[in-house]
Amino acid sequence: MVKEKFYVTTPIYYPNDIPHIGHAYTTVIADVVARWNKLLGKDVYFLTGTDDHGKKIADTAEAAGKSPMEFVDDLIPKFKDAWSKMGIEYDRFIRTTDKDHEKNVQSMLQKSYDNGDIYLGEYEGLYCIGCEQYYTEKDLEDGCCPIHKKPVEKVKEETYFFRLSKYQDKLLELYEKNLEFISPPRRRQEIINRVKEGLRDLSISRTSFDWGVKLPFDKKHVCYVWFDALFNYVSGVDDKSRWPADIHLIGKDIIWFHTVYWPAFLMSVGEELPKKVFAHGWWTFDNEKISKSVGKVINIDELVAITGNKDSARYFLCRATPFGDDGDFSESALVDRHNGELLNKLGNLVSRTTGLIEKYGVEKCESGLVVNFDSINSLMQNLEIDKALNEIFAFIDLCNEYIQEKKPWATQDKKVLYELADAIKNIAILLYPFIPSTSEKIADKFGGFKFTKEGLNLPFDVNIEIKKGEGLFVRIEQEEPEAISQKSGIKKKDKKVNKEKKAEGVMTLGEVTFEDFAKLDLRVAEIKEVEEIEDADKLYKISLDVGENIGARTVCAGIKKYYSKEDLIGRKIVYFANLKPRKMKGVVSEGMLFAASTEDDSQVSLINPGEIANGSQVS
Ligand code: MSP
């Protein structure tokens, strides 16, 4: 049977510095999309690489005292290493300095020239090296490039032009005919409007430097870096029949090049057009633009080191923001996802189930825990990646609730354990594209299974020996905000009192500054379950629902004197979500509840946030 082909690409990155989280984002998503399509049984091809030519690289190399080739040769291994550290498996890493690509670019230039789409002229314009793009006066902000905020260069030289203006109507027709060509759809109109304003012919060669592909019909000129770069998508395939690409994944910054220049170049040389260009949003870091000069940059080693687990970083990038929207990265947001979702939900489900199976075994039965694959797949087809993960995690929640409800530790019901084992197998298959090494670890515990769509329907093999082994994730301790610890102003005696109270799950705030207080993450949460703790006369173990993003949390609170279990279940409260977890009477408490009390503690009242949604911030 001939497999359906699927071809996905990332932009090829400028190797002028080591890659950061923004580059990792597109590459991780491309890897997830590639793996998802492999799971569906398609013959997948995934291309990534580097954009080695251009003035920006030539200038950076010169400043570093190296030849451009030496300079990029030194950086390429850093990209390959970064992608391997993120668990990315591409089919080819293309460089625009690869000989087959250079040959392809020359042949495309010749075709376009022979078709009458390239002509010689003189260009006088304003060029931003950062963008590798010309601007007009009206595009500039205070004489600077609107993106890089740096002065543009005045350029006047003989140049070859590409007849972009000729393609205006054809492009508009393309956008009309293929509604998905510019995705997500909300980015379409802006491009259409700009194209309707009129397209000027594009300068596609330079004579003032030589770091690029020479024009085959005039060797004095080197090819404009974007003409060269875009054709990587055609040069990079292992077999011509893979073209056109099913999807080009790009950042929103380069949508114009991909949805205007690129289809026009392809029309000119008579190649088919890609089926879809999907532009995602931009990441900020602690709400600031990612930028090396202000120290707001996070490279791949740093990203992976935060949790020590590449899968947590992959999961975060996929889950934290809808694909297409901007997102903010922070260390604490990553750790929250790692602890709250991967460890508390997935890790606990797997460790509880495997532990019980080790003790009691499984017995085959019809499973009631069924995951809706079609619905997840249709989200993946629309690149609603965060929603697909959300749905898989809703299934994990369901399994966790099932354990609580069926209590197999008490009933020793082997059929319930079989259902859970089968569900975990399916969860591992579905999560494989997102967090492949974690899925492999799960498969190992379960005697190994394949990550294919068909595997979802294969019943779980009861003869396999299941091993609990090590946990999938290690909890990451977050720093406790100073406000809560020993901040100035609390007298020694008070401190002691505070310490005693701390053991009861109660703390009072001393004199804190506003900055200290602002570090606290207060959230609306709902009490789902209340349990006694052995040997504790004041403490309850309380399970909370802190909304979709944070998830389930457990806290120990010294409020037994004031509230019965029934009083508490279903109650909305205010929860301190970013305190360092601590063990109390053998139970890990992940934060505290907010309450008012009289001086002598004879009365305590939990603060009531009303019917505000779980997870909402209290500020
Ligand atoms: N070389 C061109 C692309 C040529 S494709 C034929 C280029 N390279 S780049 O190194 O500047 O990388 C651009 C891509 O990196 C963006 O489109 C985006 O995919 C990714 N990102 C870089 N910074 C980013 C963020 N801060 N956030 C998200 N992605 C960003 O342009």
Side-chain angles (χ1 to χ4, degrees), residues 8-31 33 47-57 60 72 75-76 78-79 82-83 86 88 93-97 101 104-105 108 128-133 145 147-148 187 211-213 223-236 245 247-263 265-266 274 277-292 294 296-300 303 316-318 320-330:
V8 57
T9 68
T10 72
I12 47 170
Y13 307 105
Y14 291 124
N16 58 341
D17 205 341
I18 58 173
H20 62 59
I21 186 175
H23 308 119
Y25 184 46
T26 330
T27 322
V28 164
I29 299 283
D31 186 63
V33 169
L47 181 73
T48 189
T50 49
D51 194 352
D52 293 359
H53 291 134
K55 180 98 167 79
K56 176 167 26 201
I57 300 286
T60 320
V72 290
L75 271 161
I76 304 309
K78 306 252 166 40
F79 278 81
W83 301 156
M86 290 297 286
I88 286 157
F93 188 103
I94 191 171
R95 296 177 53 179
T96 50
T97 43
H101 169 73
N104 183 40
V105 172
M108 295 297 156
C128 169
I129 297 170
C131 300
E132 296 277 15
Q133 189 186 4
C145 157
I147 296 179
H148 292 86
R187 302 216 190 262
W211 182 235
V213 177
C223 175
Y224 172 46
V225 66
W226 273 99
F227 188 100
D228 171 359
L230 285 159
F231 274 99
N232 92 86
Y233 300 134
V234 176
S235 317
I247 183 157
H248 291 315
L249 297 173
I250 58 162
K252 65 180 182 184
D253 51 323
I254 53 178
I255 192 167
W256 180 256
F257 301 96
H258 281 80
T259 60
V260 181
Y261 296 177
W262 183 220
F265 295 159
L266 287 166
V277 175
F278 193 105
H280 63 69
W282 266 54
W283 286 93
T284 49
F285 178 22
D286 289 336
N287 291 311
E288 283 182 57
K289 187 171 182 279
I290 292 181
S291 146
K292 199 171 177 188
V294 291
K296 280 288 167 193
V297 67
I298 177 157
N299 68 38
I300 310 310
L303 177 64
F316 180 86
L317 292 174
C318 292
T321 185
F323 192 54
D325 292 3
D326 293 340
D328 183 54
F329 175 83
S330 71

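Positions are given from 1 along the sequence. One-based numbering, in listed order, for ligands and for the atoms of each.
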If we check side chain to side chain donor-acceptor pair (under 3.5 Å) with Ser235, which of these qualifies: Asp228, Thr96, Asn104?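 With Ser235 as partner, side chain to side chain donor-acceptor pair (under 3.5 Å) holds for just one option, Asn104.
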Should [X] be counted as touching ligand 1, given the test is an N or O pair under 3.5 Å?
| X | answer |
| --- | --- |
| Gly251 | yes |
| Trp282 | no |
| Ile254 | no |
| Thr26 | yes |

For [X] and ligand 1, answer yes if some heavy atom of the residue is under 4.0 Å from a ligand atom, otherwise no.
| X | result |
| --- | --- |
| His280 | yes |
| Glu132 | no |
| Tyr233 | yes |
| Trp262 | no |
| Gly281 | yes |

Which one of His20, Lys289, Lys296 has a non-hydrogen atom at the shortest distance from atom 22 (C) of ligand 1?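 Ranked by closest heavy atom to atom 22 (C) of ligand 1, first place is His20.
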Which atoms of ligand 1 have any heavy atom of Asp51 under 4.0 Å away?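 Reading through ligand 1 atom by atom, the close ones are 1 (N), 2 (C), 4 (C).
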